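See structure below.
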Amino acid sequence: MKLFSVARRLLPEFGLLLCGIGMGVGLTYMIAHAIRLQEGRAELKTYAQRLVEAGDELGVENNQAIDAVTHDNLPFCSEPEIAFMRDYVFHSPHIRDIGRTKGGMLYCSAGVGKLAQPEATSAPDIATGGLKLNLRAKSLISANTMGFVVEKYGVMLILNPEAIQNFEDPPKYFSGFLFDRLSQSLKQTFGPAIPLSVDEVAEGEPVERNGILYQPLCSQTSMVCQVAAESREDVLAGGGYLFTGFPIGGALLGIALAWIAILYYHRQRSMERQLRRAIRKGALTIAYQPVVNLDTGIIVGAEALVRWEDRSGKAVKPDIFVSIAEEGGYVSDITRLVLRKAINEMADLLAAGNFKITLNITAEDLRDRRTFDLLEQCIRSAGLSPACIGLELTERSTSDQAVAIRAISDLRLAGHRVYIDDFGTGYSSLSYLHRLAVDAIKIDQSFTQTVGTGAVTATVVPLILKMAYELGLMVVVEGIETNEQAEYFRKAGAGLLAQGYLYGKPVSAAQMKWLVLDRDRFK
């Protein structure tokens with residue numbers, strides 16, 4: 001039973017660990033996949049470039065041979081010229097025969113010598129600028145041999161058809177083309193057919209089709225175009241080092257991330273337990289920030305702000321622990337603790353009748369009658385007027401209008417003033433603010449900070465003040481930190497209240513009472 005309890009307790013951690021490993025492996029696998037494809041495309045481009053360079057080199061060899069024969073200064077098809085051509089073929093890496101033509105007729109070649117009767121040359125597959133190309137023509141040397149024929153200036157060259165086809169680098173394969181830019185025609189010289197258009201080959205951009213990666217590339221100096229290709233499967237198969245190392249690294253990364261998540265989870269659990277304990281023991285404290293009448297400079301009230309230090313003595317931001325309490329469903333416990341403490345600490349000052357405090361309440365409080373019942377009970381016990389306790393609702397807590405309107409109505413009937421806090425940043429737009437029937441709005445400090453800056457939002461402030469005046473709402477300006485801001489709102493209208501660091505940071509109850517005694521300090 002104990003073992004089952006331990007296993008159950010460790011189940012969330014184990015789940016986080018597995019999730020982290022799975023996410024880490026999956027993420028790094030996708031990264032490895034993308035890297036390998038990028039590498040494969042780069043390798044194909046390099047390979048295509050090598051093919052194009054080989055084709056260009058063959059073209060240079062052809063031009064040199066044609067130039068050599070046309071400038072041999074020997075009689076046409078004479079024995080000396082035939083001997084010269086034979087010597088040239090013997091020393092050439094790719095030329096298998098050289099012949100002499102005139103008027104579409106072949107008269108002699110290095111391989112067969114001078115023909116008894118001239119023979120007609122084959123119709124060219126490509127003819128451009130005096131150059132004729134025949135991709136597969138019969139060789140005079142052997143009736144069973146087909147060659148790649150180039151003819152120009154009366155010189156015919158028969159090339160080795162395997163000159164580029166033997167340029168291998170498995171598992172890649174390629175196809176060769178001759179591209180006539182004038183006619184935009186593309187003739188395939190060797191290799192398998194490819195499903196690319198003339199434009200796609202000419203553009204030279206990588207293309208993937210039916211699981212095959214194609215990299216076309218054309219020479220800038222000749223008609224040579226090459227298309228290197230490799231299947232996606234073969235490309236990925238070449239990344240074994242990536243698909244082994246990366247997932248291992250991903251698993252380690254996943255474990256690290258899971259461990260961080262587990263630590264965060266335990267920290268949150270620990271913080272939640274500490275918070276619950278602090279609420280039970282009443283260990284949360286209250287700080288009070290002065291609220292000043294801008295016309296008179298006198299402190300007329302304060303906002304009660306909850307504070308908490310964890311067991312290490314470190315202050316935890318209210319946004320953090322209030323959020324934890326909201327997620328845990330016990331944020332109203334904090335509200336009730338705050339209202340009990342605030343009324344108890346400030347009862348004597350509130351009883352004087354010229355000082356008020358405001359307390360923050362949440363959406364959960366609006367649905368929980370226990371909070372309001374406790375508020376009325378504490379007020380009666382302290383002999384105070386309900387008017388000395390105001391309630392601040394964040395705009396987020398008014399998103400459920402029906403609940404908010406009903407709760408606000410009950411609070412006002414009980415004699416409390418109701419404020420909308422951080423006005424302008426949340427849900428309660430101008431269009432339905434009047435339906436909430438509140439007493440006051442607190443202009444969010446983000447608007448206050450735009451005063452004097454020329455920011456677009458600065459133009460909103462006069463509209464908010466005008467709207468509040470027309471609805472008969474009291475206005476509290478939050479976040480006043482400079483005399484310039486204070487002077488702006490002082491001139492903006494009578495009866496405005498303000499709070500901010502210019503008038504004081506949140507302080508203890510004792511310090512707040514001392515500040516109130518010096519009522520003229522901000523005149």
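Predicted, not measured: the structure shown is a model, and the values here were computed from it.
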Open item on the list: With a 4.5 Å cut-off on side-chain heavy atoms, are L133 and V149 touching?
Closed with: no
TODO: Considering non-hydrogen atoms only, spot the tightest contact between C225 and V201 and give its length.
DONE: CB-CG1, 4.2 Å
Open item on the list: Rounded at 0.5 Å granularity, tell me how far NZ in K442 sits from CD1 in I420.
Closed with: 11.5 Å
Task: Any donor-acceptor pair under 3.5 Å from E200 side chain to V207 backbone - done: no
Task: Residues Q445, Y501; criterion side-chain contact (heavy atoms from CB on, under 4.5 Å); working and verdict - done: CA-CA 11 Å; Q445 61 181 353; Y501 283 1; over 6 Å; no
TODO: Please list, chain by chain and in numerical order, all residues satisfying side chain to side chain donor-acceptor pair (under 3.5 Å) with R370, sequence neighbours excluded.
DONE: D368
TODO: Working to the nearest 0.5 Å, report the span between CG of L284 and CD1 of I279.
DONE: 6.0 Å
Open item on the list: If I compare all heavy atoms of D97 with all of G111, which pair ends up nearest, and what's the gap?
Closed with: OD1-N, 2.9 Å
Task: Side chain to side chain, I324 and Y330, heavy atoms closer than 4.5 Å - done: yes
Task: Backbone of G313 reached by a side-chain donor or acceptor of D310 within 3.5 Å - done: yes
TODO: Hey, could you give me the CD/CD1 distance between Q64 and I95, rounded to the nearest 0.5 Å?
DONE: 9.0 Å
Open item on the list: Minimum heavy-atom separation for P506 and L305, please, with both atom names.
Closed with: CG-CD1, 3.7 Å
TODO: Go through the side-chain N and O atoms of Q184 and D199 and say whether any donor and acceptor fall under 3.5 Å apart.
DONE: no
- [ ] Only one of M156, H71, K152 passes side-chain contact (heavy atoms from CB on, under 4.5 Å) with I66; say which it is.
- [x] K152
Task: Check: V338 and N360 side chains under 4.5 Å, non-hydrogen atoms - done: no
- [ ] With rounding to the nearest 0.5 Å, note down the distance linking CD in E392 to CG in D421.
- [x] 4.5 Å
Open item on the list: Strictly distance-based, threshold 3.5 Å: is any side-chain N or O of R41 a donor or acceptor partner for the main-chain N or O of P206?
Closed with: no
TODO: Side-chain contact test, heavy atoms from C-beta onward, threshold under 4.5 Å: evaluate it for D333 versus L337 and give yes or no.
DONE: no
Task: Beyond-backbone contact of F423 with M467, side-chain heavy atoms, under 4.5 angstrom - done: yes
TODO: Please assess R86 against V89 for the test side-chain contact (heavy atoms from CB on, under 4.5 Å), listing each intermediate value before the final yes or no.
DONE: CA-CA 5 Å; R86 284 173 179 163; V89 169; 5.8 Å; no
Open item on the list: Checking side-chain polar atoms at under 3.5 Å, does D444 have a donor or acceptor matched by the opposite partner on S446?
Closed with: yes
- [ ] Could you pull out the closest heavy-atom pair between M105 and P118, with the gap in Å?
- [x] CE-O, 3.4 Å
Open item on the list: Counting C-beta onward and ignoring hydrogens, is there a side-chain heavy-atom pair between I334 and W308 closer than 4.5 Å?
Closed with: no
TODO: Return the minimal non-hydrogen interatomic distance between N134 and A123, and the atom names on each side.
DONE: ND2-O, 2.9 Å
Open item on the list: Applying side chain to side chain donor-acceptor pair (under 3.5 Å), can you list everything that pairs with E151, at least two apart in sequence or on another chain?
Closed with: T101
Open item on the list: Checking the side chain of E81 only, and the main-chain atoms of C77 only, is there a donor and an acceptor separated by less than 3.5 Å?
Closed with: yes
Open item on the list: If we ignore hydrogens and angles and just use 3.5 Å, is the side chain of T448 paired with the main-chain N or O of E478 as donor and acceptor?
Closed with: yes
Open item on the list: Taking CZ in F76 as the centre, count heavy atoms belonging to other residues, nucleotides or ligands within less than 6.0 Å. Is the count above 12?
Closed with: yes
Task: Heavy-atom donor-acceptor pair, Q274 side chain to R311 backbone, under 3.5 Å - done: yes
TODO: Could you tell me whether the side chain of I464 reaches within less than 4.5 Å of the side chain of I441, counting heavy atoms only?
DONE: yes
Task: Separation of L74 CG from E79 CD (nearest 0.5 Å) - done: 11.5 Å
Open item on the list: Side chains of V60 and E57, heavy atoms from C-beta outward: is any pair under 4.5 Å?
Closed with: no
- [ ] Specify the closest pair of heavy atoms between A202 and C218, including all atoms of both residues, with the distance to one decimal.
- [x] CA-SG, 4.3 Å
Open item on the list: Determine whether a donor-acceptor pair (N or O, by modelled atom type, separation under 3.5 Å) exists between the side chain of T371 and the backbone of R336.
Closed with: no
TODO: Spell out, as yes or no, whether a donor-acceptor pair under 3.5 Å connects the side chain of R367 to the backbone of A363.
DONE: yes
Task: Nearest-0.5 Å distance that lies between atom CG in L58 and atom CD in E53 - done: 14.0 Å
Open item on the list: Just to verify, which of V155, L157, D67 counts as forming a side-chain contact (heavy atoms from CB on, under 4.5 Å) with N62?
Closed with: L157
Task: G204 backbone acceptor or donor facing Q215 side chain under 3.5 Å - done: yes
